[in-house]
Amino acid sequence: LVDGVLKKWTGPITEVFSTISATESYAPTLLGSIPAMGETEAREVVAAAVAAYHNGQGLWPTMKVGDRIKCMENFVTQMKATRSEVVKYLMWEIGKSLVDSEKEFDRTVEYIYDTIEDYKQLDRDSARFTKSQGVNAMVRRGPLGVVLCLGPYNYPLNETFALLIPAIIMGNTVIFKPAKHGVLLISPLLKAFQTSFPKGVINIVYGRGRDVAAPIMQSGKIDILALIGNSKSAIALQDLHPNKNRLRLVLGLEAKNPAIILPDADLDLAIQECITGTLSFNGQRCTALKVLYVHESIASEFNRRFAAKVDALPFGNPWEKGVALTPLPEKEKPAYIRELIDDALQKGADILNAKGGERTENYIFPAVLFPVNKTMRVYHEEQFGPVIPILTFRDIQEPLNDMAESNYGQQVSLFGQDIKTIAPLIDTLVNLVCRVNLNSACQRGPDVYPFTGRKDSAVATLSIHDALRSFSIRTFVASKDN
Ligand code: G3H
C-alpha cells in the first residue's frame, strides 16, 4: 500500500491463482500471495484519503494545476519502465494474449498522455471570469472529494486507469481496490505511485469486497463510487453508504450488444467482424457481441461459415504466437458457460461447431448455438465468455423490439450495404443504444469517443474528455460590484 499500511499488515493472506500454465491441462497454478486487508486497514485508508483531500492548503486539490500535471507526468514516465513486467502479469493473471497485453499497456500510457493534454485544455476553457446582473464570478472545474475505485478483471490496467487517472488529475483523492484477477500486475507500479503523488492521494487496498470495500463505504466518507463491473456489486456498495444522496456514480456495467446482419450484408466482412466481436479475449468484454441476429434468408450460409471459422481459431497459452483463444481466469466460468449451453440444448438449440463446449480444467471451447429463443438463459444473461447465441429474423422490427425490451443499451453492430435501408435504421438504433457500429464489431475505443450506455449498462460517461467531467464539479467564487 502506498501510504505504508501494507508494511504493518499481519493478517490473512489471499492466494492468487495463475489462470494458465504450460501443461497440457492448462491447470491453474499458484502464482503468488497477497495480504487480504480488513476493517482496520479500511479505516486507515479512508482517514489517509480524507486527510489528503481536506487538510489545508497546498495539498492535492489545491495544488497548482501545473504541479499536479508534473506529478502525473512523473508517474507515466516511471510506468513506461514497468512494461515488460506488467505485460507478463497480464498474461499470467488473466490469460490475455501477449499481443493484447502489450496493446493494453500501450493504450493505457497513451490514455494518460491524452488525459493530461485534455485536462490542460479543460482548465483553460473552464476557468473563466464572467459577470451577470452585477455579480462577478470566477468559474472553475474542481474535484468532488474521495473516490472509491474498483476496476474489472478483463482490463485490470486500462479500464481501471480510465477511472483512476481522470479522478486523480481532477484533484480527487482515491482508494483503489484492484480486481481479484489482476492484483499482482499492480505491484510493479506501486513505487511509481508512491514517488509521484503526495501521501494519501492514491491508496491501494487488497482483499475481499465484504472485508475491505464494505467498511470503506460504511464510513460515509466516499463522494464518488467509480466501478467497472456488474450492477449487483454496484448496488450492494451503494446500499452500504449511510447517505446515498452524497454519492456520485461513475459506473460501467453489463451489456448484451447485438449484431444485426441484413440480407445484403457483405458476408465475409460480417463473419470476420462477428468472430472478433464475440470472441476477442474469449468474449470477456462488456463491448463483446453477445447475441447475433441473422436474416433468415442468409442464416444457413452465415451459420455454416461462422461455425467453421470458430473451430479454426487456435487455442493456447497467452504467450504463444498467433493464439486467439486462451484459458479463462475465473475458475467457475467454464461450468457456468456449460450450464448455458445445456439449458439451450434442452430447449431445442444445437451446437453448430464440432469443437463447441469441449472442456479442460479452466477452458471451454466456444459453442455456437442455434436456433436460440427467448426461453433460453443464454438469450437473457450476459455470458461474458465463449458462447455465441444466434437468432434469425424475418422483419427488422423483431430485433428492434428485442432491443427496446432489453435491460441493456450499450452498442449495436449493423451489417448491410444499402444506404436507403441503413439510414432510417440508424436513427432508431441511436435511441436504443449509445453507439451504432456500421459493418464493424462493437468496441470501446478510440478512447477519445464517449463510452457509455443506456438503461442498466452505464451511469456517467467514460472516455478521456467525458471522464474528466464525470469526476469533477463546476464551482465559482462570486463577488458583487460595489
Ligand atoms: O469490458 C469492456 C471494455 O470496455 C471493452 O473494451 O472494446 O476496448 O475491448 P474494448
Side-chain angles (χ1 to χ4, degrees), residues 90 93-112 114-115 149-166 178-182 226-234 250-259 272-291 318 324-326 328-330 333 381-386 408-413 433-438 440-467 470:
L90 276 167
E93 266 192 278
I94 64 160
K96 190 168 273 191
S97 73
L98 173 61
V99 174
D100 286 346
S101 295
E102 287 178 341
K103 266 194 214 154
E104 176 161 354
F105 189 92
D106 297 341
R107 178 181 181 178
T108 309
V109 168
E110 199 181 323
Y111 187 99
I112 299 175
D114 287 349
T115 301
C149 171
L150 298 104
Y153 82 82
N154 64 336
Y155 276 98
L157 188 70
N158 182 263
E159 282 221 299
T160 300
F161 277 44
L163 301 173
L164 272 185
I165 299 299
K180 185 165 113 192
H181 308 283
L227 174 147
I228 293 180
N230 63 64
S231 309
K232 215 171 130 195
S233 314
V250 180
L251 309 175
L253 304 168
E254 296 97 343
K256 188 90 182 169
N257 295 336
Q272 190 45 53
E273 288 293 312
C274 287
I275 291 280
T276 319
T278 52
L279 290 175
S280 169
F281 194 41
N282 305 294
Q284 301 167 114
R285 298 161 58 234
C286 63
T287 51
L289 288 173
K290 299 196 178 102
V291 56
L325 304 168
T326 49
L328 305 169
E330 293 180 300
K333 189 54 74 72
E381 294 177 26
E382 190 202 28
Q383 64 267 48
F384 217 78
Y408 306 115
Q410 192 200 63
Q411 302 189 22
V412 63
S413 289
V433 293
C434 288
R435 174 168 169 163
V436 179
N437 299 278
L438 295 176
S440 58
C442 298
Q443 62 171 48
R444 176 165 41 117
D447 292 324
V448 288
Y449 294 134
F451 176 54
T452 186
R454 297 173 189 273
K455 300 189 255 184
D456 294 352
S457 286
V459 179
T461 305
L462 291 169
S463 79
I464 290 157
H465 187 69
D466 293 288
S470 297

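Numbering starts at 1 and runs along the sequence shown. In each ligand, atom 1 is the first atom listed, and ligand 1 is the first ligand listed.
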Chain-and-number sorted residues having a heavy-atom contact under 4.0 Å with ligand 1 are R107, N154, Y155, E159, R285, C286, T287, Q443, R444, F451
Identify the two heavy atoms, one from A255 and one from C286, that lie closest to each other, and give their separation to 0.1 Å. CB-O, 3.4 Å
Heavy-atom closest contact (V412 atom, C442 atom, distance): C-SG, 3.7 Å
Start with the C-alpha distance between H465 and Y449, add both sets of side-chain angles, then the distance that settles side chain to side chain contact (heavy atoms under 4.5 Å, CB included), and finish with yes or no. CA-CA 8 Å; H465 187 69; Y449 294 134; over 6 Å; no
In terms of heavy-atom contacts, Q410 and S457 come closest through N-OG, 3.7 Å
Is R444 salt-bridged to E159, cutoff N-O under 4.0 Å? yes
Looking only at heavy atoms, which two atoms of N158 and E104 are closest? And how far apart? N-OE2, 2.9 Å
